[in-house]
Amino acid sequence: MKKYVYAKAVIFLMGMLMFVLLSIQVKAADNATGPVDIPSITKYVSQDGWSWDPATKTLTLAGVNMDGYQKYSYTENEENKSKPYSKIYNMFELPRGTTVVVKEGTENVIRSRLAGSCFHVSSTNPNNSTDGITFTGGGTLNLYRSEICIYGECDITFKDVNVNFIDADISIMSDLNPITDRITGKKTYKNTTITMDHANIKVERCTGGFYTYGGYVSSGQLQDDNILATSSICIKDSKVNMNVKLDTGNERNHHCMLIRNGYLNVENSTLNLQSYHEAVVVWRQYHLSEAAESLIRLKECTLQSGLKTASANLTINNSNVRAETLIQDGGSTSFSFNGKGMSFGHTFTNAVKQAVITAFPVYTVSFDSLGGSAVQDKFIVRGRTLGELPVPTKKGYEFVGWSTKKGSSTPDVSKDMVIAGDVKCYAIWKLSISKPNASNSDTSVLEEQVKKTITSTNTDKKDVGGSKFGGLMLKATGKKKAVKLDWKKVSGAKEYVIYGSLCGSKMKELIKVGGNKKTHTFKKLKSGKYYKYMVVAYKIVDGKKMPISISKSVHAVTTGKKYGNPTSISGVKKSISIKVKRKKQLKPTLKSKKKVKTHIAKFRYESSNSKIATVSKKGVITGKSKGNCTIYIYTQNGLYKKVKVKVKK
C-alpha cells in the first residue's frame with residue numbers, strides 16, 4: 001500500500017514538473033520576438049553583410065550579395081522520398097514591426113529565384129497588423145527575380161532609401177486578410193499603406209508593380225455595419241520610375257499600380273510610369289449611402305500635359321464600386337468586373353499605359369537662429385505661402401521675429417509670405433527682462449548679456465532690443481560742458497548702471513549709483529558735442545544683479561555752439577478715442593531754440609500695452625482690443641508727452 005501511494009506521489013510530482021516546464025516554454029514562446037527566419041539562405045552568415053537584432057527587430061544590411069534556390073520543386077518528403085512537391089522559400093521571414101536598415105553608402109543585392117519573396121512579413125498573432133516593415137538608412141537595395149519582392153499584410157514603408165526592383169514578378173504587395181474577433185466572430189480589416197517618403201524607387205523589367213489589396217465584400221452585399229479597411233499607396237517627396245512588361249502566359253493584369261479599396265496619394269513627387277496594361281488603377285467599394293471620393297490625389301505636383309484622371313462607377317448587389325485611372329484629356333472611360341459579383345478581373349477603356357507626374361519646384365527656407373535653439377529648414381512648393389513660423393529660444397532673450405536681413409530689428413517674414421525662391425531668414429532678439437524666480441538663479445549671465453548688447457549696439461541709429469521708455473523715462477539736459485540725466489525711480493531697484501559715450505563712439509559702462517538715486521550729472525565734457533546715455537535698473541537676487549528695466553538711449557548736445565536740444569512738443573491731444581481695427585495718425589510738432597541734429601528719429605513712440613493699441617514708427621495708432629493704455633511720444637533727449645488712448649469696440 002505504501003509503495004502504491006509512493007508511486008502515485010512520484011507520478012504526480014513528475015506531472016507537475018512537466019506542466020511547469022511546459023508553461024514556462026509556452027510563456028517564453030509568447031513573449032519571444034523570434035529570430036529572423038532565413039531557411040533558403042542557410043549558407044549565409046551575418047559576416048556576409050547582414051545582422052539581426054531580435055530585441056529591437058532590426059535587420060541591418062551592409063553590403064550583402066545573396067542568392068536563393070534555383071528551382072521551384074524538389075523531393076523533400078520523409079514519408080515518401082519519391083513524391084516531389086513544391087515548397088515556397090522566402091529569403092527573409094520577418095515579424096511585423098521590423099526595421100530594415102540599408103546602411104548608407106552600401107550596395108545590397110538579394111536574388112530570390114523562387115516562388116517566394118525576398119522579404120516576407122508575417123506574425124504569429126493574426127490580430128496584430130498595426131506594425132509593418134520599414135526600409136531606411138540611405139543605402140541602395142537591389143531585389144532580383146522574385147515572385148513578390150516584398151510581401152506583407154501590413155504597412156510597408158520606404159524612407160530615405162534607394163530600392164531597385166529588377167526582373168521580378170511583382171515588386172511590392174500588401175494583401176490584407178480579415179481579422180476575426182475571437183468573441184463575436186466578426187471579421188474586420190485594418191487600414192494599411194505602402195509609403196514612399198524621400199525615397200528613390202526604380203522598377204525595371206518587372207511584370208507587376210505596386211499592388212495593394214484592401215478589404216472588400218465578395219458578394220457585393222455591403223451591409224451598414226461593414227467597415228472595410230483601405231489599403232493605399234502614399235508617395236511623398238520621392239522619385240519613382242517604373243517599367244512593367246508583359247509576362248507571356250500570365251493572365252494577370254500588368255499595371256504599375258493596382259489599388260483595391262484604397263487611394264493613391266502623390267505629394268511633391270516625380271513619377272515616370274510605363275506598363276503593358278493600364279498604368280494606374282484604383283478602385284474602392286462603398287455603401288450606397290456614402291458619397292464617392294476622389295481616389296487619385298495629386299498635391300504639389302501635376303499630371304503631364306494631355307492626360308487627366310477619370311472615374312467610373314458600378315452598382316453591384318447593394319454596394320457601389322468607384323474606380324479611377326489615367327486617360328487622355330478630353331476623353332471618357334468606363335470599367336467592368338469580370339466574373340460573378342466581385343472579382344479581381346477588370347477591364348478599362350481608354351486608360352493610358354504611360355504617364356508622368358511631375359513635382360512643382362520646391363524651394364528651401366532656411367533659418368539662422370543666431371545663437372538660439374536649432375531650427376529645421378522648410379521646403380515650400382513654388383507659389384505657396386510659408387505657413388507657421390518656428391519660434392526658437394535663447395537664454396536671456398525674447399524672440400521678436402524673422403528678417404531676411406541679418407542684423408535687422410524689424411521682422412519682414414510672415415506666414416503669408418509667398419515663396420518664389422530660396423530664402424534665408426535671421427532671428428531677431430531682444431533682451432528678456434523677466435522677474436526673478438526660484439528657477440532663474442543664474443542672473444550673472446543675464447547681466448553680462450545686457451552689457452554686451454548695449455556696448456555692441458549702434459545707439460546712434462537704433463535702440464537696444466528690450467529697452468523701454470516708459471520704465472525709467474530717462475531725460476538728458478545739455479549744459480555748456482555737462483549733461484544732466486534724470487530718470488524715474490524704479491520700484492525695487494537697488495542699483496543703477498549708467499552707460500554712455502560721445503555720439504559716434506561705442507557705449508561704455510560709466511558709473512554705478514545706488515538705488516535711491518534718480519539723477520546724475522556728467523561734467524568736464526566738450527562743448528558743442530553730442531553725448532548719448534542709457535540707464536539700467538537692477539535688483540539684487542542672491543547677491544547677483546537682475547536687470548528689471550532698461551532705458552531707451554538719450555542724445556543731448558552740450559551748449560555753446562550752433563546745435564541745440566528739443567525744448568517742447570506740441571500738436572497732440574492729452575486723450576483720444578479709437579475703435580478696434582481703426583487707425584489714427586499722431587502729428588506732433590517739435591520746438592527748439594537752435595538746430596537739432598537728429599539721432600535715431602525726430603520722434604519715437606511707445607505703447608504701454610500693445611494688446612490694447614499699437615503705435616508705428618510713424619506715429620500711427622491701431623486699436624487692437626477694448627481697453628485703455630498710454631502712448632508715449634518722446635524726443636531724442638527724453639522730452640515727452642503722454643496721450644491716453646481709449647479703445648472701443
Side-chain angles (χ1 to χ4, degrees), residues 398 430-436 443 446-447 450-451 453-454 457 459 462-479 482-500 507 509-523 531-541 545-556 565-570 572 574-575 586 588 590 599-601 603-615 619 628-645:
E398 292 180 14
K430 70 176 181 179
L431 284 168
S432 175
I433 309 302
S434 57
K435 295 182 179 180
T443 56
L446 191 55
E447 179 187 358
V450 171
K451 182 176 180 179
T453 302
I454 292 175
T457 302
T459 52
K462 64 180 181 179
D463 287 311
V464 172
S467 60
K468 293 183 178 180
F469 178 79
L472 288 154
M473 302 178 74
L474 180 63
K475 179 183 176 182
T477 303
K479 299 184 178 181
V483 173
K484 181 184 178 184
L485 300 179
D486 295 279
W487 62 86
K488 178 183 175 183
K489 190 174 182 181
V490 177
S491 177
K494 298 298 182 182
E495 183 180 83
Y496 297 99
V497 179
I498 303 175
Y499 294 84
M507 281 280 202
E509 184 179 314
L510 300 178
I511 192 172
K512 298 175 181 178
V513 298
N516 59 340
K517 290 276 191 177
K518 55 180 182 179
T519 184
H520 185 83
T521 301
F522 290 96
K523 300 178 181 179
Y531 290 86
K532 57 186 178 182
Y533 299 95
M534 288 181 66
V535 175
V536 182
Y538 286 93
K539 276 187 176 183
I540 307 299
V541 180
K545 292 188 291 185
M546 165 66 74
I548 54 177
S549 185
I550 301 176
S551 77
K552 294 291 186 181
S553 61
V554 291
H555 304 254
N565 296 297
T567 56
S568 66
I569 301 172
S570 61
V572 292
K574 292 183 178 181
S575 62
L586 294 173
L590 180 67
H599 293 73
I600 300 182
F603 290 106
R604 284 178 277 173
Y605 304 88
E606 183 175 292
S607 172
S608 64
N609 191 340
S610 58
K611 293 182 179 180
I612 302 298
T614 59
V615 60
N628 300 294
C629 67
T630 300
I631 299 296
Y632 294 98
I633 308 168
Y634 58 99
T635 62
Q636 64 187 32
N637 64 337
L639 191 69
Y640 71 93
K641 287 282 188 179
K642 291 194 297 185
V643 179
K644 293 183 179 180
V645 178

**Student:** In a check of ring-ring contact (aromatic ring centres under 6.0 Å, His included) between Phe522 and each of Tyr499, Tyr533, Tyr531, which one passes?
**Tutor:** Tyr533

**Student:** Answer yes or no: is there a donor N or O on one side and an acceptor on the other, between the side chain of Tyr640 and the main chain of Lys475, under 3.5 Å?
**Tutor:**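 No, the answer is negative, given that no donor and acceptor are paired below the 3.5 Å cut-off.
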
**Student:** When you measure from the side chain of Ser467 to the backbone N and O of Val464, does any donor-acceptor pair fall under 3.5 Å?
**Tutor:**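 Confirmed, Ser467 side chain pairs with Val464 backbone.
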
**Student:** Side chains of Lys545 and Val497: does their closest heavy-atom pair fall under 4.5 Å?
**Tutor:** yes

**Student:** Starting at OG of Ser549, measure out to NZ of Lys539 and round the result to the nearest 0.5 Å.
**Tutor:**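 Going from the OG atom of Ser549 to the NZ atom of Lys539 covers 11.5 Å.
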
**Student:** Before you tell me yes or no, could you show the steps for Lys484 and Thr519 under side-chain contact (heavy atoms from CB on, under 4.5 Å), namely the whole-Å CA-CA distance, both residues' side-chain angles and the distance that decides it to 0.1 Å?
**Tutor:** CA-CA 7 Å; Lys484 181 184 178 184; Thr519 184; 3.4 Å; yes

**Student:** Between Ala482 and Thr521, which heavy-atom pair has the shortest distance, and what is it?
**Tutor:**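 Smallest interatomic distance, heavy atoms only, reads CB-CG2, 4.2 Å.
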
**Student:** Considering all heavy atoms of both residues, which atom of Leu639 and which atom of Thr567 are nearest to each other, and what is their separation?
**Tutor:** CD2-C, 3.3 Å

**Student:** Determine the minimum heavy-atom distance between Thr457 and Thr453, stating which atoms define it.
**Tutor:** OG1-O, 2.6 Å

**Student:** Hey, is the main chain of Ala613 close enough, under 3.5 Å, to the side chain of Ser607 for a donor-acceptor pair?
**Tutor:**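 Indeed, once roles are kept as given, a pair shorter than 3.5 Å links the two residues.
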
**Student:** Phe469 ring centre to Lys552 NZ or CZ under 6.0 Å, with the angle to the axis within 45°?
**Tutor:**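 Cation-pi check for Lys552 and Phe469: fails.
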
**Student:** Apply side chain to side chain donor-acceptor pair (under 3.5 Å) to Asn565 and list each qualifying residue two or more places apart in sequence or on a separate chain.
**Tutor:**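 Per chain and number, Asn565 pairs via side chain to side chain donor-acceptor pair (under 3.5 Å) with no residue.
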
**Student:** Which heavy-atom pair separates Pro547 from Val450 by the least distance, and what is that distance?
**Tutor:**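 Shortest heavy-atom separation between Pro547 and Val450 comes out as CG-CG2, 3.8 Å.
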
**Student:** Measuring from Asn637:CG to Lys532:NZ, what's the distance to the nearest 0.5 Å?
**Tutor:**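 Going from the CG atom of Asn637 to the NZ atom of Lys532 covers 16.0 Å.
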
**Student:** Does any non-hydrogen side-chain atom of Met473 lie less than 4.5 Å from one of Tyr632?
**Tutor:**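 Side-chain contact under 4.5 Å: yes.
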
**Student:** If you look only at pairs with a residue in residues 509-521, which of them pass as a salt bridge (charged side-chain N to carboxylate O under 4.0 Å, His left out), with sequence neighbours excluded?
**Tutor:** Lys451-Glu509, Glu509-Lys512

**Student:** Please tell me if the side chains of Val490 and Leu472 come closer than 4.5 Å, counting only heavy atoms from C-beta onward.
**Tutor:** yes

**Student:** For ring-ring contact (aromatic ring centres under 6.0 Å, His included), just list the numbers for Tyr634 and Tyr605, CA-CA rounded to whole Å, side-chain angles, deciding distance to a tenth of an Å, and then say yes or no.
**Tutor:** CA-CA 7 Å; Tyr634 58 99; Tyr605 304 88; 8.1 Å; no

**Student:** Kindly indicate whether the side chain of Asp486, heavy atoms from C-beta on, has any atom under 4.5 Å from the side chain of Leu474.
**Tutor:** no

**Student:** Nearest 0.5 Å, what's the OG1-CD1 distance between Thr630 and Ile612?
**Tutor:** 11.0 Å

**Student:** Begin with the C-alpha distance, continue with both residues' side-chain angles, and end with the deciding distance and a verdict on side-chain contact (heavy atoms from CB on, under 4.5 Å) for Lys641 and Ile569.
**Tutor:** CA-CA 7 Å; Lys641 287 282 188 179; Ile569 301 172; 3.7 Å; yes

**Student:** As an exercise, state the distance from OG of Ser568 to CG of Leu590, rounded to the nearest 0.5 Å.
**Tutor:** 7.0 Å

**Student:** Checking side-chain contact (heavy atoms from CB on, under 4.5 Å) for the pair Tyr538/Ile548: CA distance, chi angles, key distance, verdict?
**Tutor:** CA-CA 6 Å; Tyr538 286 93; Ile548 54 177; 5.9 Å; no

**Student:** Has the side chain of Thr459 got a donor or acceptor atom that lies under 3.5 Å from a matching backbone atom of Ser553?
**Tutor:**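 Pair absent, no side-chain N/O of Thr459 close to backbone of Ser553.
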
**Student:** If you apply the rule side-chain contact (heavy atoms from CB on, under 4.5 Å), what do you find for Ile633 with Leu586, and how did you get there?
**Tutor:** CA-CA 9 Å; Ile633 308 168; Leu586 294 173; 3.9 Å; yes

**Student:** What I'd like to find out is whether the side chain of Met534 reaches to under 4.5 Å of the side chain of Ile550, using heavy atoms alone.
**Tutor:**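 Touching, per the 4.5 Å side-chain cut-off.
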
**Student:** Rounded to the nearest 0.5 Å, what's the gap from CD1 on Ile631 to CG on Asn609? Could you check?
**Tutor:** 9.5 Å

**Student:** Just by distance, do the side chain of Ser551 and the backbone of Val535 share a donor-acceptor pair under 3.5 Å?
**Tutor:**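 Side chain of Ser551 to backbone of Val535: a pair is present.
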
**Student:** Where the side chain of Glu606 meets the backbone of Gly470, is there a donor-acceptor pair that is under 3.5 Å apart?
**Tutor:** yes

**Student:** Check ring pair (Phe, Tyr, Trp, His ring centres under 6.0 Å) between His599 and all other residues, then give those that pass, not counting sequence neighbours.
**Tutor:** Tyr530, His555

**Student:** How about Tyr496 and Val536: do any of their side-chain heavy atoms sit closer than 4.5 Å?
**Tutor:**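 They are not in side-chain contact.
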
